[in-house]
Every structure is written in structure tokens, then in C-alpha cells.
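Okay, so here's the structure we're looking at.
Keep in mind the model is a prediction, meaning the values are calculated, not measured.
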Amino acid sequence: MGYTASMLAYVCREKTLKFELRKIALNTSGYTARGEYYGKGEPLYRATSEVQIDGQWEDIYLEFRAADRADAKAYVRARYPLAKFCR
């Protein structure tokens with residue numbers, strides 16, 4: 001079963017998940033190295049993890065803007081309160 005982002009956040013609210021958190025490099029025009037356009041603004045972050053639910057692995061994938069790494073962690077923890085982060 002594929003879960004929506006909000007369903008995953010609800011199901012996983014009491015699970016300790018380990019996230020990989022990366023800042024996505026954008027050029028001055030707001031494009032990634034692969035040519036994806038995100039526009040200008042605060043830095044762009046990507047947080048990824050996976051969780052096993054009912055014997056099936058589900059990917060968690062978030063992209064969002066945050067002022068810095070601390071704000072990015074807070075964004076993820078607002079959805080997954082027990083989140084841990086890889087360095």
C-alpha cells in the first residue's frame with residue numbers, strides 16, 4: 001500500500017526514524033545541477049528516510065525551504081517528532 005505524506009507522518013509519529021538531510025545546491029537562477037527549477041529564496045533541503053509498515057518498506061521524501069540546517073531539522077521534527085539525523 002502506498003501511503004501519502006500525511007498518512008506516513010501520522011503512522012510514524014511515535015517511531016524513531018533516521019533521516020538523511022541534505023542542502024540542495026541551486027545556482028543564482030534557482031536551478032539544480034540537473035536542470036530542475038526551484039526558484040530563488042531560502043535554501044532548499046531534502047530529507048529522506050524509510051520505514052517498514054506492515055512488512056512493506058515505504059520511502060519518506062521531503063523537499064522544503066529552510067533558513068539553515070537547524071530550521072530544516074525543526075521542519076522534519078514537526079512532522080516526525082522522534083526524527084534522528086545522519087551527519
Side-chain angles (χ1 to χ4, degrees):
M1 171 183 188
Y3 287 84
T4 65
S6 58
M7 287 171 59
L8 272 174
Y10 178 78
V11 170
C12 298
R13 70 191 177 285
E14 295 179 1
K15 291 182 181 277
T16 300
L17 301 174
K18 193 168 199 175
F19 280 86
E20 183 175 319
L21 181 62
R22 293 186 182 259
K23 185 175 179 181
I24 306 302
L26 300 175
N27 66 20
T28 56
S29 298
Y31 287 88
T32 66
R34 296 188 322 188
E36 299 165 317
Y37 179 71
Y38 286 92
K40 298 177 183 179
E42 289 188 319
L44 181 67
Y45 286 87
R46 179 178 296 140
T48 57
S49 186
E50 59 184 10
V51 63
Q52 192 172 20
I53 302 173
D54 297 329
Q56 186 169 341
W57 286 97
E58 296 285 341
D59 293 324
I60 299 172
Y61 183 86
L62 305 168
E63 282 187 344
F64 54 93
R65 293 193 180 264
D68 54 30
R69 186 171 174 86
D71 283 347
K73 287 180 178 182
Y75 180 93
V76 174
R77 284 195 180 116
R79 286 145 188 81
Y80 301 94
L82 302 177
K84 303 286 182 193
F85 297 90
C86 302
R87 192 64 178 119

### Message
I need the minimum non-hydrogen distance between Q52 and K15, along with the two atoms involved.
### Response
O-NZ, 4.2 Å
### Non-neighbouring partners of A33 that pass side-chain contact (heavy atoms from CB on, under 4.5 Å), sequence neighbours left out
none
### Query
In the single-linkage hydrophobic clustering (I, L, V, M, F, W, Y; side-chain heavy atoms under 4.5 Å), do L82 and F19 co-cluster?
no
### Query
Going from CD on E20 to CD on E50, what distance comes out if it is rounded to the nearest 0.5 angstrom?
11.0 Å
### Task
Spell out, as yes or no, whether a donor-acceptor pair under 3.5 Å connects the side chain of S49 to the backbone of K18.
yes
### Query
Does the side chain of L26 reach to within under 4.5 Å of the side chain of T32, using non-hydrogen atoms?
yes
### Euclidean distance, L17 CG relative to R79 CZ, rounded to 0.5 Å
14.0 Å
### Query
Looking only at heavy atoms, what is the nearest atom pair of P43 and K23, with distance?
CB-CE, 3.6 Å
### Query
Should we count CZ of R22 as having more than 12 external heavy atoms under 6.0 Å?
no
### Query
Which pair of heavy atoms, one from A83 and one from R77, lies closest together, and at what distance?
O-NE, 3.3 Å
### Task
For atom CG of D54, decide whether the heavy atoms of other residues, nucleotides or ligands shown that lie under 6.0 angstrom number more than 12.
no
### Query
Who passes ring pair (Phe, Tyr, Trp, His ring centres under 6.0 Å) against Y38, sequence neighbours left out?
none
### Query
Which residues satisfy the side-chain contact (heavy atoms from CB on, under 4.5 Å) test with F64, sequence neighbours excluded?
L21, Y45, A47, L62, A66, A72, Y75, V76
